[in-house]
Amino acid sequence: MNNIVIGQYIPGSSFLYKMDPRSKILALILLMVTTFVLTDIIQILVLLSVLLVILKLGGIPIGRIVKGLRPIIVLLFFTFTFQVLFIKTGRIILDETLHYSFYTILLAVGVVLFWMITKRFIKFKISYFLMMIVGILSIFMYYPIGDPFAQGQLVIYTGGLQGAFFIMVRLIIIVTLSTILTLTTKPTDLTLGLEQLLKPLSIIKVSAEEIALIISIALRYIPTLLDEANKIMLAQASRGVDFKEGKLKDKVVQIISLLVPMFIISFKRSDELANAMEARNFVPGNRRTRLHILTWQTIDTITIIITAITIPVAILLRVMLG
Amino acid sequence: MITVEHVSFDYHSQPDVLKDVSFTIDKGRWVSILGHNGSGKSTLAKLIVGLLKAKEGSITVDGIVLNEETVYQVRKKVGIVFQNPDNQFVGVTVEDDIAFGMENLCFTREEITKRIDKYAKQVGMEDYLSKEPHQLSGGQKQRVAIAGILAMDTDIIIFDEATSMLDPIGRDEILAFMQQLKHQGKTIITITHDMKEAVLSDEIIDLKEGQLLTHDKTKKVLQDKVTLNKSNLELLPSLKLYHKIKEAGIVNEELRDYLWQLSLQK
Ligand SMILES: Nc1ncnc2c1ncn2[C@@H]1O[C@H](COP(=O)(O)OP(=O)(O)O)[C@@H](O)[C@H]1O
Ligand SMILES: [Mg+2]
């Protein structure tokens, strides 16, 4: 377990790496606001292309961004479906009757089963999933075999497609923005940037330093704990706990057999860590020097100005275009 | 100099974990604390750095009587390396971890960077400064912990079974550091089960069920069969043989001296 990497940081030297994490976080927030203000498909596409140019200049491989999108694919799929089915503006581009009969449903179930069995051999899982959905729909629409006991109507409007596309682009932009941040900023710098930005919260008695310390200790211990979880699973497996198979009841037993030792060990750990920190003169709330400091450069000021300007521009565009 | 006078302690449960313990450790000495598991060695170490508070008795470090107000002063003089390398690595990287104590002591950043370089080099970790703990071996993590303590420049360093979780190579490395530190004039306290480690020290303190059994020069303890039997030291074969020969009344000075020398080698 020596290869766990926390965060997605990839080393590099482009301007994105030289920027202050604070300006990167701020720019991310500003651009997100802009993304939400924009309502026009062309404008949001312009924003997306600008982002692509920045990616290119910043030397970030597009593949990494696509990887960053992977966790939200389910979300994208549902948003898309929802938009397509429920927005009823514009022209009708598809109006088909769905025939639900014993045979069509049997066929559809067959397709699903076939998909479930074969999906593990297919490389392009998402396309394969979409193919399965299209397959099922075509069965209901174009093969009305048997007596239908129910019928449905699938109507798709241009407005639905546009809306779905727009929301997808918006989500993609947001994920791309945050991926750029995490790809080009070390977790430690990210924590430090966050700490500095949260400093004003001290007015309401929230200690940014303590939050940052908690985050950095959490970051530091994730690999250790994962390693430990692995060891415990092996130890429990050697006592006959099977972590792969089982019904819900067995699953609960498996999880308990993992969580209980993890909790006990973690408490012991945190106790010892607290001792070690105190012995090294740590006093919560006391002033301490920091080895790492952040340096704000001209590029950071420029970035903030440009990203800040996009908000009024977006509002103006929205008002002008009605 | 550390003076422990009539110290007793309990974890709010009967019986006492330490019972009326008194001893003095002079500056620049290397002292081994021995004793079975649960005999109170770690508790004693935690008392000395003020992580725990004695129920009775007093602890004085370099003339400062340990109490709630002086504890931070005392911690500037005493550093401690714990047993588990994973549970004392605070920083996200090696560099951050070495810096942690110095950051707490409000050293300037220039000073911190300078000392990181110096002490990372001393423990041979200068090429690992940006590495994260899960990329290091146990021995390397302990070396980082030592560098962190050295960087705070404490006069006294306690090693609480700091080598017990390491492989023989890692253990020998840490032992070599202890010797270096001794030469630099640091006071060293090692809590250990390892004969190799104990033999290197100047004095031995033997704890049994919270009571001080023996406190004497290492050579004297090793030569005296009675105290040796009372302590739980796992003896080196040469030392066992030395005592066997002595007991049997075999008078061969040369052989005896040879075995004795052998026992004191590391
Ligand atoms: N945090 C604690 N709470 C309660 N009892 C403890 C605690 N730590 C240690 N003890 C008990 O105190 C005794 C001495 O422990 P310790 O000082 O760790 O011994 P050693 O380091 O010599 O193995 C043991 O019996 C142990 O169970
Ligand atoms: Mg102990």
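In the text below, chain A, chain B and the rest are named by the order of the sequence lines, each starting its count at 1.
- Under the 4.5 Å side-chain criterion, counting only non-hydrogen atoms from C-beta, A:Arg288 is not in contact with B:Phe107.
- Shown here for A:Ala276 and B:Phe82, the closest heavy-atom pair between the two residues is CA-CE1, 3.6 Å.
- Between the CG atom in B:Asn84 and the CD atom in A:Glu272 there is a gap of 5.5 Å [rounded to 0.5 Å].
- Side chain to side chain, A:Asn281 and B:Arg75 fail the donor-acceptor criterion of an N or O pair below 3.5 Å.
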Evaluate side chain to side chain contact (heavy atoms under 4.5 Å, CB included) for B:Asp96 paired with A:Leu291, printing each intermediate quantity in order. CA-CA 7 Å; B:Asp96 289 323; A:Leu291 173 61; 4.0 Å; yes
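- A 6.0 Å sphere centred on OH of B:Tyr128 holds no more than 12 heavy atoms belonging to other residues, nucleotides or ligands.
- For chain A, no part of B:Gln83 is nearby; none of its heavy atoms comes within less than 4.5 Å.
- The two atoms that bring B:Val92 and A:Ser216 nearest to each other are CG2-O, 3.7 Å, heavy atoms only.
- With sequence neighbours excluded, the residues satisfying side chain to side chain contact (heavy atoms under 4.5 Å, CB included) with A:Ser266 are A:Leu225.
- By the neighbour-count criterion of 12 heavy atoms within 6.0 Å, atom CG of A:Leu234 is densely surrounded, having more than that number from other residues, nucleotides or ligands.
- Counting only heavy atoms from C-beta outward, the side chains of B:Phe100 and A:Met277 approach each other to under 4.5 Å.
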A:Lys268/B:Asn87 under side chain to side chain contact (heavy atoms under 4.5 Å, CB included): CA gap, chis, key distance, verdict: CA-CA 9 Å; A:Lys268 189 169 142 55; B:Asn87 297 354; 5.6 Å; no
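- Around NZ of B:Lys19, the count of heavy atoms belonging to other residues, nucleotides or ligands within 6.0 Å exceeds 12.
- A 6.0 Å sphere centred on NZ of B:Lys121 holds no more than 12 heavy atoms belonging to other residues, nucleotides or ligands.
- Applying the 6.0 Å contact sphere to NZ of B:Lys186 captures more than 12 heavy atoms from other residues, nucleotides or ligands.
- Using a 4.0 Å cut-off between charged nitrogen and carboxylate oxygen, A:Arg220 and B:Asp86 count as a salt-bridge pair.
- Heavy atoms closer than 4.5 Å to chain B are found in the side chain of A:Thr188, but not in its backbone.
- Not one N or O on the side chain of A:Thr289 forms a donor-acceptor pair closer than 3.5 Å with the backbone of B:Thr108.
- Counting non-hydrogen atoms of neighbouring residues, nucleotides and ligands closer than 6.0 angstrom, the OH atom of A:Tyr17 exceeds 12 such neighbours.
- Heavy-atom distances place both the backbone and the side chain of A:Asn275 under 4.5 Å from chain B.
- Shown here are the ring pair (Phe, Tyr, Trp, His ring centres under 6.0 Å) partners of B:Tyr11, two or more places apart in sequence or in another chain: B:Phe9.
- The CZ atom of A:Arg280 sits 9.5 Å away from atom CD of B:Glu103, with the distance rounded to the nearest 0.5 Å.
- Among the residues in residues 42-63 of chain B, those with a non-hydrogen atom closer than 4.5 angstrom to a non-hydrogen atom of chain A are B:Lys46, B:Leu51.
- A heavy-atom distance below 4.5 Å is not found between the side chains of B:Glu132 and A:Leu219.
- In this structure, CG in A:Leu273 is found 11.5 Å from CZ in B:Phe89, a value given to the nearest 0.5 Å.
- Nearest approach of A:Arg290 to B:Arg109, heavy atoms of both residues: O-CD, 2.6 Å.
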For residues 202-211 of chain A, which side-chain donor-acceptor pairs fall under 3.5 Å, sequence neighbours excluded?
unit_1: A:Ser202; atom_1: OG; unit_2: A:Lys199; atom_2: O; d: 3.1
unit_1: A:Ser207; atom_1: OG; unit_2: A:Glu210; atom_2: N; d: 3.1

